[in-house]
2 protein chains.
Amino acid sequence: MITNQRYEKIMDCLNERGTASVNDLVDITNSSTATVRRDLTHLESKGLLKRVHGGATVEQMEREEDYTEKSVKNLSKKLKIAQIASELIEDGDTVFIDAGTTTYEMMPFIKASEVTVVTNSITLIDQLVRNGHQTIVLGGRVKPATKAVVGHDVIEKLRTLSFDKCFIGVNAIDLHHGFTTPDEDEAYIKKTAVEHSRRAFVLADSSKFERSAFVKFAQLEEASIITEDPDHPFLVKARSGTEITGGESNDIYRDV
Amino acid sequence: MITNQRYEKIMDCLNERGTASVNDLVDITNSSTATVRRDLTHLESKGLLKRVHGGATVEQMEREEDYTEKSVKNLSKKLKIAQIASELIEDGDTVFIDAGTTTYEMMPFIKASEVTVVTNSITLIDQLVRNGHQTIVLGGRVKPATKAVVGHDVIEKLRTLSFDKCFIGVNAIDLHHGFTTPDEDEAYIKKTAVEHSRRAFVLADSSKFERSAFVKFAQLEEASIITEDPDHPFLVKARSGTEITGGESNDIYRDV
DNA sequence: TTAAAAATGATTGAAAATGATTATTAATGA
DNA sequence: TCATTAATAATCATTTTCAATCATTTTTAA
């Protein structure tokens, strides 16, 4: 079995079950523990999973944050990004908000009124409703690990809608592969949402730059990047590179 | 079993039952008391549960009930009804579960496996997913007060589905008006669900009898009533009355 | 085809998690 | 209150998992 196939099997397993032991993954991939461990190390470095003693997990949306130095730092990045994103929502907007931990952090910052929010994230709904926003949930199968709604119905419905703006989470961004994410179902939802929005925003802290995950959902020039460090070398490169020279209205978003 | 999986099992158990003893958790996790204690210490430090002598508890924030004499009594009625209803779900069933406080109480009692649950209640989804049921949410506008999904899309989608069973909440039942509820949107959803189920069950404690609300969603003979008091005068009257003599397969459900 | 590079699997000492044991502490009933 | 029982915390031995290293296999490039 080729390395990437193993990566996919591992991520599939984790996305489905949320947690898996090294031994589980050894069985699934028909590899040695050494190989699985190497895979886990690699996938963790890409931010696709979190290693734990005995195996690995995917972030469960819930707050299991351990309040170490690092996670607090990441949290504040997330908050900053979430806040910038939220302020882009204007009175009367109809927006799509993707399932994800960063988009979740947007909730308290949305100040605009008469906003209609469409989402496939069950987790967001509580907050949206509580804050008095008109909320529309897309229907379909609920994915246990992330409580995101996925499936054909979601795409079908998205195609009938059009948004002023959409806010999308992402796992990895690089010049070659554009915006990528590990889960195929979710990638297709992101893609469709971007296509049906006047303006698309991708929320990404700088740890996502110059990496790629399995499934591409948009070209770099199809969406604006919202990040905590607008002068990051990668963005400088991206702005000057041929890849994005075509995008006039959708420049890399740079405010902080 | 790796540590995270044990954490999950413990939290699942607590979220379901509210309280669990160390011994319960030892059985559930196939670990020693020492390990369970260590787990509890860890989970408590994260604020996910509270240790008590002999085990642990979670604050049941879901229940906003004020614990007066009456509401406790109603709760136990509800639980009884919910339990009866849940036991009607069999392995492999595809069921619709309506939004509502009584249907919510069904969650911990659903023991059947390979169950697919379709619902329009955002509140139910957490529990359904946590208990490992295949969950499908209907898409549409989220009604803030009840976090039920309503609207044309819900009806549209329901019409394409068919269920083995459906479990419906109700506000009032009487011989003349049948099953009634105050909200028009929700009534139409209930009506459609009943029409697309092989067998329909209405969950109602006896305080709902001989009353009527604004919108009728089904005739008495279209659904079986699940209640805590099968010998209530109203049911005796209903069983003997002409209104339901036609229903052979859909008798008033009487077990307790 | 051969040499170099990369990936894999096995081995081993170190680290972490676990389970059993024991002393201490808390709950229960006379 | 005191005695009895159960639950807990602390300690230690055992088991499991981990990371580092090296030999082997596979892939790539010359």
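Throughout, protein chains are lettered first and strands after them, A, B, ... in sequence-line order, and every chain is numbered starting at 1. In this text the structure is predicted, and so the values were computed from the model without any measurement.
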Student: Between CE of Met106(B) and CZ of Phe167(B), what distance do you get to the nearest 0.5 Å?
Tutor: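 With rounding to 0.5 Å, CE (Met106(B)) is 4.5 Å from CZ (Phe167(B)).
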Student: Just how large is the angle between the end axes of the helix from dT1(C)-dA30(D) to dA30(C)-dT1(D), five pairs per end, to 10 degrees?
Tutor: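 That helix has its two terminal axes inclined by roughly 40°.
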Student: Counting only side-chain N and O atoms of Arg51(A), is one of them less than 4.0 Å from OP1 or OP2 of dA19(D)?
Tutor: yes
Student: With salt bridge (charged side-chain N to carboxylate O under 4.0 Å, His left out) as the test, would you mind laying out the steps for Asp126(B) and Lys147(A) before giving the verdict?
Tutor: CA-CA 8 Å; Asp126(B) 262 323; Lys147(A) 274 191 268 167; 2.2 Å; yes
Student: Taking the ring centre of each residue, are Phe96(A) and His196(A) less than 6.0 Å apart?
Tutor: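 Ring centres of His196(A) and Phe96(A) not closer than 6.0 Å.
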Student: Output yes when at least one side-chain N/O atom of Arg6(A) is less than 4.0 Å from OP1 or OP2 of dT8(C), else no.
Tutor: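 Yes.
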Student: Which one, dT8(D), dG9(C), dT18(C), comes nearest to the side chain of His53(B)?
Tutor: dT8(D)
Student: Any side-chain heavy atom of Ser31(B) sitting closer than 4.5 Å to one from Arg6(B)?
Tutor: yes
Student: Please work out if Ser31(B) contacts a base, only the sugar-phosphate, or nothing of the nucleic acid, heavy-atom cut-off 4.0 Å.
Tutor: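 Ser31(B): backbone/sugar contact only, no base atoms under 4.0 Å.
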Student: Counting heavy atoms from C-beta on, name the nucleotide in dG9(C), dA19(D), dT8(D) closest to the side chain of Arg37(A).
Tutor: dA19(D)
Student: Expressed in angstrom and rounded to an integer, what is the separation of His42(A) atom NE2 from dA19(D) atom C1'?
Tutor: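 Rounded to whole Å, this separation is 18 Å.
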Student: Base, sugar-phosphate, or nothing: which does Val52(A) touch, judged by heavy atoms less than 4.0 Å apart?
Tutor: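 If one applies the 4.0 Å heavy-atom cut-off, Val52(A) turns out to touch the sugar-phosphate alone, with no base involved.
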Student: I need the CD1-C1' distance between Ile2(A) and dT28(D), as an integer number of Å.
Tutor: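 Interatomic distance, CD1 of Ile2(A) to C1' of dT28(D): 13 Å.
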Student: Both Asn23(B) and Ala34(B) contact DNA chain D. Which one's nearest nucleotide lies toward the 5' end?
Tutor: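 The residue mapped nearer the 5' terminus is Asn23(B).
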Student: Taking atom P of dT8(C) as reference, at what distance in whole Å does atom CG of Leu40(A) sit?
Tutor: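 Value for this atom pair: 13 Å.
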Student: Which whole-number value in Å describes the distance from Asp39(B) CG to dG19(C) P?
Tutor: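 To the nearest whole Å, that distance equals 9 Å.
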Student: In whole Å, what is the span from the CE atom of Met1(B) to the P atom of dT16(D)?
Tutor: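 From Met1(B) CE to dT16(D) P: 15 Å.
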Student: Take the protein atom CZ of Arg38(A) and the nucleotide atom C1' of dC22(D), then report the distance between them rounded to whole Å.
Tutor: 11 Å
Student: Take atom CG of Asn4(B) and atom C1' of dT17(D), then tell me their distance rounded to the nearest Å.
Tutor: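 It works out to 14 Å between those atoms.
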Student: Going by atom types alone, do Arg51(B) and Thr41(B) pair a side-chain donor with an acceptor below 3.5 Å?
Tutor: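 There is such a pair (donor and acceptor under 3.5 Å, judged by atom type) between the side chains of Arg51(B) and Thr41(B).
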Student: Of the candidate nucleotides dA20(C), dG9(C), dT8(D), which contains the atom at the shortest distance from the side chain of Val22(B)?
Tutor: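 From the listed options, dT8(D) comes nearest.
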Student: Is a side-chain donor-acceptor pair under 3.5 Å present for Asn23(A) with Ser21(A)?
Tutor: no
Student: Checking side-chain contact (heavy atoms from CB on, under 4.5 Å) between Val194(A) and each of Asp98(A), Ile168(A), Ile189(A), which is the one that passes?
Tutor: Ile168(A)
Student: Answer with base, sugar-phosphate or nothing: what part of the nucleic acid does Thr33(B) contact at a heavy-atom distance below 4.0 Å?
Tutor: nothing
Student: Any side-chain N or O of Thr35(B) under 4.0 Å from OP1/OP2 of dT18(C)?
Tutor: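 Checking Thr35(B) against dT18(C): no side-chain N or O falls below 4.0 Å of OP1 or OP2.
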Student: Give a yes/no answer on whether the side chain of Ser32(B) brings an N or O atom under 4.0 Å of OP1 or OP2 in dA17(C).
Tutor: no
Student: Heavy-atom count around Lys165(A) NZ within 6.0 Å, excluding the residue itself: above 12?
Tutor: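 Yes.
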Student: Write down the distance between CG (Asp24(A)) and P (dT16(D)), rounded to a whole number of angstrom.
Tutor: 16 Å
